[in-house]
Amino acid sequence: MQHRKLASLDVSAIGLGCMGMSEFYGSHDDAQSIDTIHRALDLGVNFLDTADMYGPFTNEQLVGRAIRGRRDSVVVATKFGNERNPDGSWVGINGRPDYVRKSCDASLQRLGVDHIDLYYQHRVDVNTPIEETVGAMAELVQAGKVRCIGLSEAAPKTIRRAHAVHPITALQTEYSLWSREPEDEILPTVRELGIGFVAYSPIGRGFLSGRIKSIDDLEPDDYRRNSPRFTAENFQKNLDVVARIEELARDKGVTPAQLALAWVLARGTDIVPIPGSRRIPHLEENVAAASITLTKDELARIDDVAPKGIAAGDRYPDMTRVNV
């Protein structure tokens, strides 16, 4: 497995998003998920992404069990800021310093580690100055509880203000063939500041894999059923795009998911995608994308098929919480 740098943080070129192992994508199996994490580590994937809100709280516990005895070979990334109750109900976005400190201690306990390698603010709290939130995160670094800090779904102005308080190691934002908005302002900003970029949902929440042909392919409790891009008026339009991506993948001799990941990797060595996988076959398929090289001609063909803005529908039902 090749490695990339998120500022000074060395990670595998492809990470593993663990969210779906505990929630949001339908049924899950903890034993299967732990086997998948172990297989990822065996393949050289050392960058694991979780958050306190996944579960809620149970995903960090799952990751903690999976890395027990292998902590030294893992870069653990987790997040705070999307506050939920134990019953899963939504409280709100919270970036207050006291909450930052409390959340970090709770995450350390659930993960069973003495430090977090990359600690993100999951969503920006518009009611708390970013300087106060990042100031509290900086204190965690000074205390040895956190190695590096990051932001998720922050706007360029917010990134600059945060970086002025303490160096930001990585910005995590959705980025894929159907979510290319970061190319406008966010990627230029983080590159100017020397901040790494972590691309979540690089396979378009699984849609770009070509395995979702109907809304009925999703389980009844799969949250994607409520996503604008999966709703009836947009589903077929987006499926038409995937059909063209599938054609390019066949020409290349790879799967659509691998083509989507190879494209993200080709956008810059400062970009690290973190596709989610709950099963070993899908994980192995994704990891193999790290060895795929796309030619200039192939990249041009992909741009023709999936230009910026091609996706029908917003990324979330409520877009006020992202790019803030």
Inset, instruction - Start with the C-alpha distance between Glu247 and Arg250, add both sets of side-chain angles, then the distance that settles salt bridge (Lys or Arg N to Asp or Glu O under 4.0 Å), and finish with yes or no. - result: CA-CA 5 Å; Glu247 183 179 348; Arg250 283 192 297 269; 5.2 Å; no

Apply salt bridge (charged side-chain N to carboxylate O under 4.0 Å, His left out) to [X] and list each qualifying residue two or more places apart in sequence or on a separate chain.
| X | value |
| --- | --- |
| Arg244 | none |
| Asp318 | Arg321 |
| Asp125 | none |
| Asp251 | Arg301 |

Can you find a heavy atom in the side chain of [X] that is under 4.5 Å from one in the side chain of [Y]?
| X | Y | answer |
| --- | --- | --- |
| Arg84 | Tyr54 | no |
| Asp270 | Leu6 | no |
| Pro228 | Pro317 | yes |
| Leu48 | Val76 | no |
| Gln172 | Lys79 | yes |

Inset, instruction - Hydrophobic side-chain clustering at under 4.5 Å (ILVMFWY, transitive links): who's grouped with Trp90? Put none if nobody. - result: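 So far as hydrophobic clustering goes, Trp90 is joined with Ile93.
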
Inset, instruction - Decide whether Ser12 and Asn46 meet the rule of one side-chain donor and one side-chain acceptor closer than 3.5 Å. - result: yes

Legend entry - Any donor-acceptor N or O pair under 3.5 Å, side chains Tyr200, Glu153: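 Note: Tyr200 and Glu153 side chains meet the donor-acceptor criterion.
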
Inset, instruction - Decide, yes or no, whether a salt bridge links Glu219 with Arg225 under the criterion of side-chain N to carboxylate O below 4.0 Å. - result: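 Judged by the 4.0 Å cut-off on N to carboxylate O distance, Glu219 and Arg225 do not form a salt bridge.
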
Legend entry - N-O pairing of Asp10 and Arg4 below 4.0 Å: no

Legend entry - Qualifying ring-ring contact (aromatic ring centres under 6.0 Å, His included) pairs with a residue from residues 245-299, counting only residues at least two apart or across chains: Tyr175-Trp263

Would you compute the distance between atom [atom1] of [X] and atom [atom2] of [Y] and round it to the nearest 0.5 angstrom?
| X | Y | atom1 | atom2 | value |
| --- | --- | --- | --- | --- |
| Asn238 | Ile212 | CG | CD1 | 11.0 Å |
| Arg110 | Asn59 | CZ | CG | 10.5 Å |
| Glu174 | Ser179 | CD | OG | 3.5 Å |
| Ile67 | Leu41 | CD1 | CG | 8.5 Å |
| Arg65 | Glu60 | CZ | CD | 12.5 Å |
| Gln121 | Ser152 | CD | OG | 9.0 Å |

Can you list the residues that meet the side-chain hydrogen bond (donor to acceptor under 3.5 Å, both in side chains) rule with [X], with sequence neighbours excluded?
| X | result |
| --- | --- |
| Asn234 | none |
| Thr36 | none |
| Asp42 | Arg70 |

Inset, instruction - Could you check Asp105 against Lys145 for salt bridge (Lys or Arg N to Asp or Glu O under 4.0 Å), going step by step and ending with a plain yes or no? - result: CA-CA 8 Å; Asp105 287 341; Lys145 296 180 179 182; 2.8 Å; yes

Legend entry - Residues, nucleotides or ligands: over 12 heavy atoms within 6.0 Å of Lys308 NZ: yes

Inset, instruction - Step through the shown structure and confirm whether more than 12 heavy atoms of other residues, nucleotides or ligands are within 6.0 Å of CD on Gln109. - result: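 Not buried by this count: 12 neighbours or fewer within 6.0 Å.
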
Inset, instruction - Could you check Thr78 against Leu111 for side-chain contact (heavy atoms from CB on, under 4.5 Å), going step by step and ending with a plain yes or no? - result: CA-CA 9 Å; Thr78 191; Leu111 288 162; 4.2 Å; yes

Legend entry - Verdict with reasoning, His3 to Phe47, per ring-ring contact (aromatic ring centres under 6.0 Å, His included): CA-CA 10 Å; His3 277 223; Phe47 188 34; over 10 Å; no

Inset, instruction - Please work out whether the ring planes of Phe230 and Phe207 are parallel, tilted or perpendicular, with thresholds of 30° and 60°. - result: perpendicular

So which of [options] actually passes side-chain contact (heavy atoms from CB on, under 4.5 Å) with [X]?
| X | options | result |
| --- | --- | --- |
| Ile130 | Lys157, Arg160, Arg161 | Arg161 |
| Asn286 | Leu16, Thr255, Leu261, Val45 | Leu261 |
| Met21 | Ile37, Thr58, Asp30 | Ile37 |

Inset, instruction - For residues 273-288, pull every pair meeting salt bridge (Lys or Arg N to Asp or Glu O under 4.0 Å), keeping only residues two or more places apart or in separate chains. - result: Arg39-Glu284, Arg211-Glu285

For residues 134-143, dump all side-chain donor-acceptor pairs below 3.5 Å to protein atoms at least two apart in sequence or in another chain.
{"residue": "Glu139", "atom": "OE1", "partner": "Arg101", "partner atom": "NH1", "Å": "3.3"}

Legend entry - With sequence neighbours excluded, residues passing ring-ring contact (aromatic ring centres under 6.0 Å, His included) with Tyr223: Phe24, Tyr25

